[in-house]
Amino acid sequence: MSADAIPTPLDKRERRIRTAALLEIIGLVVEVLSLRWSHPTAFLLFVGAGGLLLAAGILLYLHTAIYVKAS
Amino acid sequence: MATLACAFVALILVFIAARPKILSTGGGRLFGLVALAAMPVGVGFLGLIQHVDKATSTEFCLHCHPMEKYGKSLHIDEPTHLVGNHFINGRVPKEKACYSCHTSYAMFGDVKSKMRGMKHVYVMYLGTIPEKLKLYEPYNNRECLHCHEGTRGFSEGTTHNEDNQIVKIRANELSCVKSGCHATVHDVDNVNTLPMWPKVADAKAADAKPADAKPADAPKAADAPKPAEGAKQ
C-alpha cells in the first residue's frame with residue numbers, strides 16, 4: 001500500500017463538517033418519514049425534530065466555515 | 001417532490017460526510033455552502049409546503065378524536081343541515097371540506113389556521129380538551145360569500161332581499177349562521193340520530209343510522225334546496 005492511500009486523520013474543521021452533514025442527513029430522514037405520514041403529529045415531528053436537526057446542522061456548518069480555520 | 005429532493009440532498013450530504021476534505025478548497029467551500037446550507041433550507045421549505053397542503057385535507061382534520069362527530073355531520077342527509085348539505089351535494093370539495101369553510105379568506109388566514117392547528121395538537125396530547133368546542137371568533141360571513149357572492153341563489157334569494165338584508169349580510173352585520181336562517185350547522189348533539197347518506201358515510205355512521213332514517217339517493221340529495229337561497233328554516 002502506498003503512502004498516498006493511507007487516509008489522513010481529519011482536522012477539527014473536517015470533523016465538524018462531517019458532524020453537520022450527519023445532523024442534516026438525520027434531519028432529512030426524519031422529514032421524509034414525516035412526509036409519508038398523514039397525521040397532525042407528523043407536522044410536529046417535521047418541525048420539532050426534522051427542522052431542529054436541519055437547523056443545528058446548518059448552524060454548525062456556518063459556524064465552522066466562518067470561525068474554524070483548517071489546520 | 002419534497003421526498004425526492006430530500007433524498008437527493010441526503011445523497012450529497014452522505015458524500016460530504018464520507019469525504020469532508022473536499023470542502024477545503026475554494027470551490028469546495030462554495031459547494032459546501034450550497035450543499036450544507038442552501039439546499040437543506042430549500043428542501044425544508046418544500047417539505048413545509050407539502051405539510052401545509054396536507055393539513056388542508058378533510059382526512060387530516062378528522063384524525064383527532066374530538067373531530068369524530070364533526071366528521072359524521074358531513075354526512076347528515078337533511079336539507080336544512082348546512083354542513084351535510086354542502087358536503088353531500090359537492091358544494092365544497094370533499095377532500096378539503098373542513099378547510100373550505102374554516103379558514104379566513106384574508107391575507108394571514110392560512111397562517112392563523114395553522115398556528116391554531118398546532119395549538120390543537122398540543123391540547124390533544126398535553127392539554128384538556130374542552131367538552132364543547134367553540135370557534136375562536138364569530139363566524140364571518142366573508143367565508144360564505146367567498147363562494148356564494150355573485151351567485152343567483154344568493155343575489156336573488158327572496159329572503160336575502162327582504163328589508164335590504166343583503167346589505168347587512170355583506171357588511172357582516174347579519175350573520176348567515178346565527179340569524180335563524182342557516183343556523184343548523186354541525187348539530188353534533190344529534191348527529192347519531194340523524195339520517196346519513198349511506199353511500200359515502202363510514203361504517204360507524206351507517207351503524208348509528210336510526211331505523212326510521214330514510215335511505216337517501218343521489219338525485220334527491222341533489223334536489224335539496226341550496227342553503228344560501230334565503231329560505232328561512
Side-chain angles (χ1 to χ4, degrees), chain A residues 2-71, chain B residues 1-25 28-30 32-33 35-55 57 59-64 67 114 117-126:
Chain A
S2 67
D4 291 345
I6 298 168
T8 51
L10 300 175
D11 62 18
K12 186 182 176 189
R13 188 171 187 276
E14 289 158 353
R15 280 199 306 275
R16 290 182 72 159
I17 287 173
R18 174 175 279 177
T19 309
L22 289 174
L23 278 173
E24 290 185 20
I25 291 166
I26 299 168
L28 287 172
V29 169
V30 171
E31 297 211 342
V32 167
L33 289 177
S34 80
L35 284 167
R36 310 291 299 170
W37 187 24
S38 181
H39 194 275
T41 318
F43 187 69
L44 283 186
L45 186 71
F46 175 82
V47 176
L52 210 67
L53 285 163
L54 266 190
I58 291 167
L59 289 176
L60 181 62
Y61 171 69
L62 291 176
H63 184 269
T64 306
I66 295 166
Y67 296 109
V68 183
K69 288 178 183 166
S71 53
Chain B
M1 175 72 179
T3 308
L4 274 178
C6 279
F8 176 69
V9 175
L11 271 177
I12 294 172
L13 292 173
V14 167
F15 179 68
I16 290 172
R19 294 168 189 272
K21 282 187 188 297
I22 60 164
L23 302 190
S24 300
T25 60
R29 285 194 190 105
L30 183 66
L33 193 68
L36 281 153
M39 287 171 91
V41 168
V43 292
F45 191 68
L46 273 179
L48 185 69
I49 292 172
Q50 196 169 320
H51 264 294
V52 168
D53 189 54
K54 266 186 182 180
S57 72
E59 183 199 2
F60 181 92
C61 300
L62 302 183
H63 265 301
C64 292
M67 286 292 116
K114 292 294 155 291
M118 295 278 280
K119 189 182 165 193
H120 296 168
V121 175
Y122 170 79
V123 171
M124 174 76 194
Y125 290 115
L126 301 168

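Chain letters run A, B, ... following the sequence lines, proteins first, then strands; residues in each count from 1.
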Original post:
Is the shortest heavy-atom distance from the side chain of P40(A) to the side chain of H120(B) under 4.5 Å?
Top reply: no
**OP:** Apply the side-chain contact (heavy atoms from CB on, under 4.5 Å) test between E24(A) and each candidate in L13(B), V43(B), I16(B); give the one that qualifies.
**Re:** L13(B)
Under a 4.5 Å heavy-atom cut-off, does chain A meet the side chain of [X], its backbone, both or neither?
| X | value |
| --- | --- |
| M124(B) | neither |
| Y122(B) | neither |
| C64(B) | side chain |
| A38(B) | neither |
| L33(B) | both |
| L48(B) | both |
| A37(B) | both |

**OP:** Heavy-atom pairs under 4.5 Å with chain A are the metric here; pick the option from P20(B), S24(B), A18(B), C6(B) that has the most.
**Re:** P20(B)
Subject >> When G117(B), A2(B), C61(B), G32(B) are compared by non-hydrogen pairs under 4.5 Å with chain A, the top option >> reply: G32(B)
If I measure from the heavy atoms of chain B, does [X] come under 4.5 Å with its side chain, its backbone, both, or neither?
| X | result |
| --- | --- |
| A42(A) | both |
| S34(A) | both |
| Y61(A) | side chain |
| L62(A) | side chain |

First locate atom [atom1] of [X], then atom [atom2] of [Y], and finally report the distance between them rounded to the nearest 0.5 Å.
| X | Y | atom1 | atom2 | answer |
| --- | --- | --- | --- | --- |
| L54(A) | L36(B) | CG | CG | 10.5 Å |
| K21(B) | R18(A) | NZ | CZ | 9.5 Å |
| L44(A) | Y125(B) | CG | OH | 8.0 Å |
| F43(A) | Q50(B) | CZ | CD | 12.5 Å |

**OP:** Give the member of V32(A), L35(A), I58(A) that has the highest number of heavy-atom pairs under 4.5 Å with chain B.
**Re:** L35(A)
Original post:
Taking every heavy-atom pair that is under 4.5 Å apart, which of I17(A), I25(A), V47(A) has the most such pairs with chain B?
Top reply: I25(A)
Original post:
Which atoms form the tightest heavy-atom contact between L28(A) and A10(B), and what is the distance?
Top reply: CD1-N, 3.7 Å
**OP:** Measure up the H63(B) and H39(A) rings against each other and bin them: parallel (under 30°), tilted (30 to 60°), perpendicular (over 60°).
**Re:** tilted
